Protein chains: 2
Amino acid sequence: MLHNEAAFRASLSRQTAVTAICQAIAGWIERGELTYNDRLPAERLLSGQFATTRITLREALGQLEARGMIYREERRGWFVSPPRIVYNPLQRSHFHAMAREQGRKPATEVLDAAKISGPAAICAHLALPAHSPVFCIRRIRRIDGRAVLYVEHYLNPAYFPAILQEDLTSSLTELYATRYAIHYGKVRFAMLPTTFPAPASQALKVADNSPALFITRINRDQYARIIDCDLEYWRYDALHIDVEVE
Amino acid sequence: MLHNEAAFRASLSRQTAVTAICQAIAGWIERGELTYNDRLPAERLLSGQFATTRITLREALGQLEARGMIYREERRGWFVSPPRIVYNPLQRSHFHAMAREQGRKPATEVLDAAKISGPAAICAHLALPAHSPVFCIRRIRRIDGRAVLYVEHYLNPAYFPAILQEDLTSSLTELYATRYAIHYGKVRFAMLPTTFPAPASQALKVADNSPALFITRINRDQYARIIDCDLEYWRYDALHIDVEVE
DNA sequence: GAGTGGTCTAGACCACTGG
DNA sequence: CAGTGGTCTAGACCACTCC
């Protein structure tokens, strides 16, 4: 099959402008000339350096983004991706502890928290009748200053009276334990790659079409009661999932 | 903050050519005017229909691809994505059974199978000394004819004498059970989003920069011995991970 | 061989960020 | 307000697929 042979050679030796640019920039990062969270030079500058157009340059940047080597902040520029956080969704999530164990600096911001009429899908997760009242807490989480996670927590209000008056900036896990004597038990989670929904991309300052890892967790307590569920949208280059069953 | 207000309004009401095209094509799919694995009209045709350039049109197609609504085959065109396969990596993987349970048609192709000197990383996974001989089986898997998975299996040869002479097109799980009386026990898996490596993109006929879900599984048998590990590269729009611990 | 997607050029204007 | 990224135009040639 000469056709396939030719295709194969081409795919091996193909040296398009885009791949050349990718290799050059990847080289800067590997050799440490650019490090974590450093900003790349402006697109017009780079396209000049590589003697090409912005369109072509942006194609290359998009490929490096897809590989998780760089990321962008809406209208601010391109940055070198820091190492991924190793995350086991089956463990009781304690974001701050997890980050610190890996030598990273965590931070949490509460966007808002309210009692709402639960959307049908959420109530189904919580095993409640549709439109039941639920607590909704929306937060974003940072690693080393970079916003990596937009999360909506939905709580069964029966188990957490007056929790909206508490300080929701710290760990919910801890709050559950100290204030309500509720501990996480079994977890179920689902995960699929998509893009950020509008509220998430706004909060994280990413382009609203950029890819994300969407993780749903349904959490039970020590009595196997469903106590809450999380809808998590992660920057997809921030995560390394690692699951080991005990 | 007038700045933020303006930004917010813009982001809500923004109706760029790209988003308009996305909505139009998404509408075709939602209304069933295009269904699973249908090919979209040619790019030049579409760009004419939307009175725009191919660059802009391709931007829109790229966004729909990121959402998992459409996919492309290298130089063949754009197609409507079929529903995702629900996959629990903690369960003993039986690809064919899993697909059939979900009403899909599975297929497997063996690319090659050989005894090789194990790369260091693989030997570490298998708890073998570096460069130990291992069996390497490379396969691709299809759902309803669409190649969705490129996988490299690495087997500890001590447990599977002469397995390379067997028919490797069917389930390894079954082969292990019937021929070697070995059954899967505990599993560990890691997962991270990246892009396809060259051999995978070639085998699956995807652009070599396109995003993929990279899943590593390390499998133990009923005696908790590590028997094999899999390096799986999935089309990222083909999967819906769902993990429930027993 | 016709038509397709993959790549690329050489510009332009706008909306936003940051000093 | 200068500079940036986001968006868009109107073309072009090449390598490949499919008939």
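Predicted model, so just to flag it, every value in this text is computed and none were measured. In what follows, chains are A, B, ... by sequence order, proteins preceding strands, each numbered from 1.
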Quick one: which residue pairs count as a ring-ring contact (aromatic ring centres under 6.0 Å, His included) with a foot in residues 190-210 of chain A, not counting sequence neighbours? none

Salt bridge (Lys or Arg N to Asp or Glu O under 4.0 Å) partners for E166(A), two or more places apart: R179(A)

Give the rounded distance in Å between these two atoms: CD1 of I70(B) and C1' of dG5(C). 13 Å

Enumerate the residues from residues 43-54 of chain B whose closest heavy atom to DNA chain C is under 4.0 Å, giving them by residue number; use none for an empty result. E43(B), R44(B), R54(B)

Electrostatic pair D230(B)-R139(B), nearest N-O below 4.0 angstrom: no

Which pairs count as ring-ring contact (aromatic ring centres under 6.0 Å, His included) when at least one residue sits in residues 54-80 of chain A, sequence neighbours excluded? Y71(A)-F79(A)

List for me each residue that meets side-chain contact (heavy atoms from CB on, under 4.5 Å) alongside I55(B), sequence neighbours excluded, and say none if there are none. I55(A), T53(B)

Starting from C1' on dG6(D), measure out to CZ on R72(A) and report it in whole angstrom. 9 Å

Taking 4.0 Å as the cut-off, does a side-chain nitrogen or oxygen of R58(B) come that near to OP1 or OP2 on dC8(C)? no

Would you call D144(B) and K105(B) a salt bridge, taking side-chain N to carboxylate O under 4.0 Å as the test? no

What side-chain donor-acceptor pairs closer than 3.5 Å can you find for residues 106-115 of chain B, not counting sequence neighbours?
from: T108(B); atom 1: OG1; to: H96(B); atom 2: NE2; distance (Å): 2.8
from: T108(B); atom 1: OG1; to: R141(B); atom 2: NH1; distance (Å): 2.9
from: E109(B); atom 1: OE2; to: R142(B); atom 2: NE; distance (Å): 2.8
from: E109(B); atom 1: OE2; to: R142(B); atom 2: NH2; distance (Å): 3.0
from: D112(B); atom 1: OD1; to: R138(B); atom 2: NE; distance (Å): 2.9
from: D112(B); atom 1: OD2; to: R138(B); atom 2: NE; distance (Å): 3.3
from: D112(B); atom 1: OD2; to: R138(B); atom 2: NH2; distance (Å): 2.9

In terms of side-chain heavy atoms of T16(A), which of dC8(D), dC8(C), dG6(D) is nearest? dC8(C)

Integer-rounded Å distance: dG5(D) P and E74(A) CD: 12 Å

Tell me which residues in residues 22-29 of chain A put a heavy atom below 4.0 Å from DNA chain D, sorted by number, or none. none

With R76(B), which residues qualify under side chain to side chain donor-acceptor pair (under 3.5 Å), at least two apart? E73(B)

Sugar-phosphate only, base, or nothing, as touched by A17(A) at under 4.0 Å among non-hydrogen atoms: sugar-phosphate

Between dG11(C) atom C1' and L57(A) atom CG, what is the distance in whole Å? 16 Å

Given atom CG of L61(B) and atom C1' of dG5(C), what is their separation to the nearest angstrom? 11 Å

Restricting to salt bridge (Lys or Arg N to Asp or Glu O under 4.0 Å), what partner residues turn up for R54(A), sequence neighbours left out? E43(A)

Any side-chain N or O of R75(B) less than 4.0 Å from the OP1 or OP2 oxygen of dC14(D)? no

Which whole-number value in Å describes the distance from E65(B) CD to dG5(C) C1'? 13 Å

Of R76(A) and I55(A), the one whose nearest nucleotide on DNA chain C sits closer to the 5' end is I55(A)

Rounding to a whole Å, what distance do you find between F79(B):CZ and dT17(D):P? 13 Å

Within less than 4.0 Å of OP1 or OP2 of dT4(C), is there a side-chain N or O belonging to R39(B)? no

Atom CD of E73(B) and atom P of dC16(D) are separated, to the nearest Å, by 17 Å

